[in-house]
Trainee: 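Here you go, one structure.
In each ligand, atom 1 is the first atom listed, and ligand 1 is the first ligand listed. Here, residue 1 is the first one in the sequence, and each next residue gets the next number.
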Amino acid sequence: MSDAGTAKVFVITGPSGVGKGTLIKQLLERVPNLALSVSATTRDPREGEKDGVDYHFLTEEQFQERIAAKDFLEFATYSGNHYGTLNSELDRCLEKGRSVVLEIEVQGATQVRAARPDSVQIFIAPPDESVLRERLRGRGTDSPAAIDRRLKTAEQELAQQDDFAHRIVNDDLDQAAAELESIVRTATGS
Ligand code: 5GP
């Protein structure tokens, strides 16, 4: 088990549809003692998503109250909804000496970099942009209009990838997962 001295904050970012969720699932299976931060959002739950597990689903009013109370490490508006990382999520894990993984979009990642310069920032990039459209379509969770919005945002996010200390191209899933594991193990000394 890692001790509090080596507990790190890992920020995993990149455009919607790039495969962040799949890579993080693999990472959690490969590296013990990592905790995934559960974000807050105002978007509607998708089929099968559970409150407190996939997200803390909040109303607009609740989200604004949490902003006013300064409960967020970072928050951003993405495709018309708010998303944010609660400080309490981080503290809960770090106090136990566990490293925390944040799966967030690029504006939030930039805020975390400013607030926690010691965080390890990883950008997941697609091999090319057409892959994103295919993945978002294949996932079947977003309407065509929502997919178009996400792709427009993806262009802006890809323009910022050079700002990140680490960049992984998710072309081959196994190889990308191995690269991610290696970055995390190096940072935690595990
Ligand atoms: P989705 O609606 O597909 O679950 O998430 C949309 C985008 O919001 C994804 O890029 C996801 O990584 C990002 N996201 C999820 N949680 C957070 C968060 O707490 N903060 C920020 N800034 N982005 C988040």
Trainee: For ligand 1, which atoms have a heavy atom of Gly108 less than 4.0 angstrom away?
Mentor: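 What qualifies from ligand 1 is 22 (N).
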Trainee: Within the side chain of Glu105, is there an N or O that forms a donor-acceptor pair under 3.5 Å with the backbone of Gly108?
Mentor: yes
Trainee: Say whether Arg150 and ligand 1 are in contact under the criterion: heavy-atom distance to a ligand atom below 4.0 Å.
Mentor: yes
Trainee: Need the ligand 1 atom indices (1-based, order shown) with element for anything under 4.0 Å from a heavy-atom of Gly84.
Mentor: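 Answer, ordered by atom number: 18 (C), 19 (O), 20 (N).
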Trainee: With atoms numbered from 1 as shown, which atoms in ligand 1 lie under 4.0 angstrom from a non-hydrogen atom of Tyr78?
Mentor: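 Listed by number with element: 6 (C), 7 (C).
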Trainee: So, Asp118 and Arg113, do they make that salt bridge, N to O below 4.0 Å?
Mentor: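 Judged by the 4.0 Å cut-off on N to carboxylate O distance, Asp118 and Arg113 do not form a salt bridge.
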Trainee: Measure the distance from atom 11 (C) of ligand 1 to every protein heavy atom, then report the residue, atom name and distance (to 0.1 Å) of the closest one.
Mentor: Glu103 OE2, 3.9 Å
Trainee: Give the residue, atom name and distance (to 0.1 Å) of the protein heavy atom nearest atom 15 (C) of ligand 1.
Mentor: Tyr55 OH, 3.2 Å
Trainee: Looking at Glu74 and Ala109, would you say the former's side chain and the latter's main chain have a donor-acceptor pair under 3.5 Å?
Mentor: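 Answer holds: no.
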Trainee: Of Ile104, Asp142, Leu86, which has the heavy atom at the shortest distance from atom 18 (C) of ligand 1?
Mentor: Ile104
Trainee: Can you tell me the protein heavy atom closest to atom 16 (N) of ligand 1 and the distance?
Mentor: Ser39 OG, 3.0 Å
Trainee: Please lay out, stage by stage, how Glu49 and Arg43 fare under the test salt bridge (charged side-chain N to carboxylate O under 4.0 Å, His left out).
Mentor: CA-CA 11 Å; Glu49 284 185 335; Arg43 88 149 159 71; 2.9 Å; yes
Trainee: Keeping Ser182 on the side-chain end and Ala178 on the backbone end, is there a donor-acceptor pair under 3.5 Å?
Mentor: no
Trainee: With atoms numbered from 1 as shown, which atoms in ligand 1 lie under 4.0 angstrom from a non-hydrogen atom of Arg43?
Mentor: 1 (P), 2 (O), 4 (O)
Trainee: Using a 4.0 Å heavy-atom cut-off, say whether Gln107 meets ligand 1 through its side chain, its backbone, both or neither.
Mentor: neither
Trainee: If you have a sec, work out which protein heavy atom is nearest atom 20 (N) of ligand 1 and how many Å separate them, to one decimal?
Mentor: Glu74 OE2, 2.7 Å
Trainee: How far is atom 10 (O) of ligand 1 from the closest protein heavy atom, and which atom is that?
Mentor: Lys20 NZ, 3.0 Å
Trainee: For atom 23 (N) of ligand 1, what's the nearest protein heavy atom and its distance?
Mentor: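 It is Glu105 N, 3.1 Å.
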Trainee: I want to check a possible cation-pi pair here: Arg46 against Tyr55, using under 6.0 Å from ring centre and within 45° of the ring axis as the test.
Mentor: no
Trainee: Quick one, His56 with Thr41, criterion side chain to side chain contact (heavy atoms under 4.5 Å, CB included). Give me CA distance, side-chain angles, the key distance, then yes/no.
Mentor: CA-CA 6 Å; His56 299 291; Thr41 185; over 6 Å; no
Trainee: Considering all heavy atoms of both residues, which atom of Leu132 and which atom of Ser16 are nearest to each other, and what is their separation?
Mentor: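 Where Leu132 meets Ser16 most closely, the heavy atoms are CD2-O, 3.7 Å.
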Trainee: Show the numbers, then the answer: is there a salt bridge (charged side-chain N to carboxylate O under 4.0 Å, His left out) between Arg92 and Glu89?
Mentor: CA-CA 5 Å; Arg92 195 169 50 83; Glu89 280 286 320; 3.0 Å; yes
Trainee: Do any nitrogen or oxygen atoms of Ala76 lie less than 3.5 angstrom from nitrogen or oxygen atoms of ligand 1?
Mentor: no
Trainee: Where does Arg46 meet ligand 1, judged by heavy-atom distances below 4.0 Å: at the side chain, the backbone, both, or neither?
Mentor: side chain
Trainee: Take Glu129 and Arg133 through the test salt bridge (charged side-chain N to carboxylate O under 4.0 Å, His left out) and record every step on the way to the result.
Mentor: CA-CA 7 Å; Glu129 287 181 41; Arg133 183 179 291 276; over 6 Å; no
